[in-house]
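Shown next, in structure tokens, is the structure this report addresses.
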2 protein chains.
Amino acid sequence: MTLHSDLTHSLAEAEALCARKGVSLTPIRKRVLELLLDADGPVKAYDLLAQLKPGAGAAQPPTVYRALDFLVSTGLAHKVESLNAYTACIHGEEAGGPVLFICEKCGAVQEQHAHAKLKDMPEGFQLTRSVVEHYGLCANCQAA
Amino acid sequence: MTLHSDLTHSLAEAEALCARKGVSLTPIRKRVLELLLDADGPVKAYDLLAQLKPGAGAAQPPTVYRALDFLVSTGLAHKVESLNAYTACIHGEEAGGPVLFICEKCGAVQEQHAHAKLKDMPEGFQLTRSVVEHYGLCANCQAA
DNA sequence: TGTATCTTGTTATTGTATTACACTTGAGGG
DNA sequence: CCCTCAAGTGTAATACAATAACAAGATACA
């Protein structure tokens, strides 16, 4: 649990973005986004699932995967393909594909959005989507 | 089944590379590499497994995963993280991380190796490994 | 011969994600 | 008001991806 003010702030932004797009941030979707925002790094779907159902009515896998699909498709979250995990998007509605820098020690993710056109693309290749995930040590973890 | 001359040619190169590195391209590893080279695009581990055991002695998952780990660690193959699939490396021993261009229509993979230093890396981030996978339409598939 | 290392076999299990179908809810139109 | 349609959710079962743990053969070499 990090700063709660940040958390609610981002949730409010998410609400606004959904309103603008005409899609609905339902309680389940909101809860999942909240869990992602609250985490220190990428979170696995089944970990979300476990957090989602401490109570009686046990959530099932499709519930969390549906919520994640929604969040990813609206740009509120990203899937980290090389980790099979998910992370909240901390930018608004940026153009360009997400570029993730993931610390292998502390797990923190820093996010950028690349507008850059690729050089050295194969002749005639028409780009639609990119997965870019960089691993290394973040500035904080270099001290150790 | 594509041109067999190409295939054996690449296998021979793989042999040579393993010899240079002092690692052994055992029959199983060689067979898996052959299947990867022979495929039109990335192949899933369980598809390899199925191809590996048409006979009696049924190969088990660890067999193919171990072979794949070996091929990836020696640079003879790459894992396509966003597909959970594997593809043969068509370059020799290039420096720099692999950059994959994957056609969403025909599944073909074109591969480059990036030596480029990243601009706009977060302050003090020390890079160790990158996953870069681009999706789109290859030149051939644009005609349609 | 002994032993150390690498490779493979085998069984079981864990982890990740989807299919298929039933049910509810809310909005808009007759 | 009732109908219907679409979006969202519940639920059970299953498919797909990867690993753990331990046994056993193979090779090299002191």
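Note on naming: letters A, B, ... go to the chains in the order of the sequence lines (proteins, then strands), and numbering restarts at 1 for each one.
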When only distance counts, do a donor and an acceptor, one from the side chain of Arg29(A) and one from the base of dG8(D), lie under 3.5 Å apart?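 In this structure, the two groups form no donor-acceptor pair.
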Taking N and O atoms by type only, does the side chain of Tyr46(B) place a donor or acceptor under 3.5 Å from a partner on the base of dA15(D)?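 There is none.
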Please identify which of these residues, Arg29(A), Lys30(A), Arg20(A), meets the salt bridge (Lys or Arg N to Asp or Glu O under 4.0 Å) condition with Glu15(A).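 Exactly one option meets the salt bridge (Lys or Arg N to Asp or Glu O under 4.0 Å) with Glu15(A), and it is Lys30(A).
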Taking only side-chain N and O atoms of [X], does any of them lie within less than 4.0 angstrom of OP1 or OP2 on [N]?
| X | N | result |
| --- | --- | --- |
| Lys44(B) | dA15(D) | no |
| Lys79(B) | dA17(D) | no |
| Thr26(B) | dT7(C) | no |
| Asn84(A) | dA17(D) | no |

Verify the distance criterion only: is there a donor paired with an acceptor across the side chains of Ser130(A) and His134(B) at less than 3.5 Å?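 Yes, because at least one side-chain N or O of Ser130(A) sits under 3.5 Å from a partner of the opposite role on His134(B).
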Using whole Å, what does the distance between atom [atom2] of nucleotide [N] and atom [atom1] of [X] come to?
| X | N | atom1 | atom2 | result |
| --- | --- | --- | --- | --- |
| Leu52(B) | dT8(C) | CG | P | 11 Å |
| Leu49(B) | dT8(C) | CG | P | 15 Å |
| Leu68(A) | dT9(D) | CG | P | 12 Å |
| Gln60(B) | dT13(C) | CD | P | 14 Å |
| Leu83(B) | dT18(C) | CG | P | 13 Å |
| Asp69(A) | dA7(D) | CG | P | 15 Å |
| Glu81(B) | dA17(C) | CD | P | 12 Å |
| Leu25(B) | dT7(C) | CG | C1' | 13 Å |

Among the candidates [options], find the nucleotide nearest to the side-chain atoms of [X].
| X | options | answer |
| --- | --- | --- |
| Arg66(A) | dA17(C), dT7(C), dA20(C) | dA20(C) |
| Pro61(B) | dG8(D), dT19(D), dG9(C) | dT19(D) |
| Ser24(B) | dT11(C), dA17(C), dT7(C) | dT7(C) |

Is the base of dT19(D) stacked against the aromatic ring of Tyr65(B), taking ring centres under 5.5 Å apart and planes under 30° as the test?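 Taking the rule of under 5.5 Å and under 30°, the ring of Tyr65(B) does not stack on dT19(D).
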Looking at side-chain heavy atoms only, is the closest gap between [X] and [Y] below 4.5 Å?
| X | Y | answer |
| --- | --- | --- |
| Asp38(A) | Glu34(A) | no |
| Ile102(B) | Tyr135(B) | yes |
| Leu76(B) | Cys18(B) | yes |

Quick one: label Tyr86(B) by what it contacts on the DNA or RNA (base, sugar-phosphate, nothing), any heavy atom closer than 4.0 Å.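 Sugar-phosphate contact only - Tyr86(B) comes under 4.0 Å of backbone atoms but never of a base.
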